[in-house]
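Atoms within a ligand are numbered from 1 in the order they appear, just like the ligands themselves.
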Amino acid sequence: MDARESYEKIFSLMREHHNWFDSSIPLIASENVTSWAVREALICDFGHRYAEGWVGERVYAGTKYLDQVEIIAMELAKELFRVKFADVRPISGVVANMSVYAAFTKPGDVMMALPITKGGHISMGPLYGSEGNFIGGTAGAVRGLDVKYIAFDDENLNIDVEKTVKRIEQNKPKLIMLGGSVILFPQPVKEISEAAKTINAVVNYDAAHVAGLIAGGEFQDPLREGADCMTMSTHKTLPGPQHGMVVTNDEEKFELIKKANFPGLLSNHHLNAVAALAVALAEFLAFGREYASQIVRNARAFAEALHDKGFKVPGEKNGFTKSHQVLLDVDELGGGKKAEKLLEDANIIVNRNLLPWDPKRGRSFLDPGGIRMGVAEVTRLGMKEGEMEEIAEFIRKVLIAGDDPVKVSKQVSEFRRNFRHIHYAFETGREAYKYISLLST
Ligand SMILES: *Cc1c(COP(=O)(O)O)cnc(C)c1O
């Protein structure tokens, strides 16, 4: 391809992607779709600018409007998360976690987190596993932390408090990371924080997935349950741009976090994303409670429908889920890799995921036994409990009945026709996946 052909090709691929998502069921738990207002902020001139440092202490000129928007973003974040301090500069959830590592640890220190097999995120992982196997997690690989694991109760799909408290006393970590990427139920933040206080460990709750549910009053409230600070991505259940954030009520700790972010981790902090985040936070303040409440109702209805249709849905003992996520154990249906592919062919987008008991049955991340789904994005499209039952039926057709996925994909596209618009925003009725062109109208 010559330059012009490559150039044209990029645009046609982007359009194809938009069309595909416009006729698919997006169930990736870490994703969402933004309003047109957020998308407009993302393409503004802010994305060409620098504003290094903190508002009022910038080291560049030309920032007077950028500064005001960043202040609004911080004020909205504080109101939404009911906190005293917010740093809206981290450019992603991983960078927000790194700022906490830089603020409260030194290389070689012990940090505790959940292993990836039990819901921990790769950013909390060690460099090497217990058998010397390469893991390459950010905490180990980038900050040189010695990562010890929080104990997990596979049956309740939650942290094992008693064992974890013992491990805290033994390992004396400087930092404990709670939260996670697979998170069905509120974690015992209070109990872990009490144990952490006895050894002066800092507790951070990584709310990347559940930030919107926390802000909407539909999940636990980690800072009021004893966590010192909370990091997050701003684009999962919180339907903002891809960005990150740290919030806390502790002024001394906040000063350390600020310094970790600048000059430590950031030069440019993606000011277009800060503007887009401010817009998303304003939308969330107005519509977030209603949105978050529908998300958790949808997740519960989805899990129950899947269970009723014969799927193995982990977490039954505790009501399947209290978040936006639903897990399926598809070990006996050919495994997660196969399920992910079949569903993708049917225009149902999910990701394969390790289940806590996978290592014991010889499954690894390449072909795990589970799939993880989230309902935040379909809820944004206006779907309610009834539609969760319909989606569960599509999944049953593909994975249990063995219907041709291409045939099901046509039914999926038909189903999606009534759910193409953004809800829970000031400007609703906009097409969620419309390709917006600046070059042609
Ligand atoms: C998604 C996720 C992150 C990473 O977020 P990015 O914004 O992609 O950097 C961090 N922690 C947890 C628990 C996550 O699930």
Side-chain angles (χ1 to χ4, degrees), residues 26-34 38 42 77 87-102 111-126 135-143 145 147 149-150 152 157-159 175-187 189 203-214 219-220 222 227 229-247 260-261 265-266 269-270 273-274 276-277 280 321 323-327 350-354 356 365 370 372-374 376-377:
L27 293 173
I28 303 281
S30 54
E31 294 179 358
N32 212 318
V33 61
T34 54
V38 169
L42 280 173
D87 193 338
V88 298
R89 294 173 302 170
I91 55 171
S92 75
V94 169
V95 172
N97 282 348
M98 283 168 58
S99 75
V100 167
Y101 302 162
M111 177 183 110
M112 286 181 71
L114 281 170
I116 294 154
T117 49
K118 318 276 181 181
H121 186 258
I122 187 67
S123 61
M124 311 170 182
I135 294 182
T138 312
V142 179
R143 189 58 178 167
L145 296 178
V147 179
Y149 291 134
I150 288 172
F152 196 74
L157 293 172
N158 210 331
I159 291 170
L175 173 65
I176 300 171
M177 292 289 280
L178 298 176
S181 296
V182 178
I183 180 159
L184 297 170
F185 305 109
Q187 294 179 340
V189 175
V203 175
N204 179 72
Y205 188 98
D206 180 344
H209 267 268
V210 289
L213 304 181
I214 291 170
F219 206 63
Q220 63 189 158
C229 43
M230 186 159 79
T231 49
M232 68 193 82
S233 305
T234 58
H235 47 265
K236 299 185 182 181
T237 52
L238 193 71
Q242 292 191 326
H243 199 72
M245 186 153 77
V246 192
V247 296
N261 276 312
L265 290 162
L266 302 163
H269 55 282
H270 300 185
V274 172
L277 174 60
T321 180
S323 71
H324 60 306
Q325 297 183 354
V326 175
L327 295 177
V350 307
N351 67 274
R352 59 186 189 271
N353 213 95
L354 275 167
F365 68 96
R372 182 191 68 170
M373 298 176 288
E377 189 165 346

### Query
Under 3.5 Å, is there a donor-acceptor pair between the Tyr205 and Gln220 side chains?
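Per modelled atom types, Tyr205 and Gln220 side chains form a pair under 3.5 Å.
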
Atoms of ligand 1 less than 4.0 Å from [X] heavy atoms?
X	result
Val94	4 (C), 5 (O), 6 (P), 9 (O)
Gly180	13 (C)
Ser233	3 (C), 4 (C), 5 (O), 6 (P), 7 (O)
His209	15 (O)
Asp206	10 (C), 11 (N), 12 (C), 13 (C)

### Task
Please lay out, stage by stage, how Phe219 and Gln187 fare under the test side chain to side chain contact (heavy atoms under 4.5 Å, CB included).
CA-CA 10 Å; Phe219 206 63; Gln187 294 179 340; over 6 Å; no

### Task
For Ala139 and Val147, work out which heavy atoms get closest and say how close.
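So the minimum-distance heavy-atom pair works out to CB-CG2, 3.9 Å.
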
### Task
Would you indicate whether the side-chain heavy atoms of Met98 and Thr138 approach each other to under 4.5 Å?
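The answer is yes; the side chains approach within 4.5 Å.
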
#### Entry: N/O donor-acceptor pair under 3.5 Å between Thr321 side chain and Gln325 backbone
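Checked: pair present.
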
Starting from [atom], which protein heavy atom do you reach first, and at what distance in Å?
atom	result
atom 6 (P) of ligand 1	Gly93 N, 3.4 Å
atom 8 (O) of ligand 1	His235 NE2, 4.2 Å
atom 1 (C) of ligand 1	Lys236 NZ, 1.3 Å

### Task
Could you check Leu178 against Ile150 for side chain to side chain contact (heavy atoms under 4.5 Å, CB included), going step by step and ending with a plain yes or no?
CA-CA 9 Å; Leu178 298 176; Ile150 288 172; 3.8 Å; yes

### Option set Ser30, Ser181, Gly244, criterion heavy-atom distance to atom 15 (O) of ligand 1, minimum
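Considering heavy atoms of Ser30, Ser181, Gly244, the nearest to atom 15 (O) of ligand 1 sits in Ser181.
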
### Query
Which residue pairs pass the side chain to side chain donor-acceptor pair (under 3.5 Å) test with at least one member in residues 230-243, sequence neighbours excluded?
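Checked against side chain to side chain donor-acceptor pair (under 3.5 Å) - neighbours excluded - the pairs reaching residues 230-243 are Asn97-Thr231, Asn204-Thr231.
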
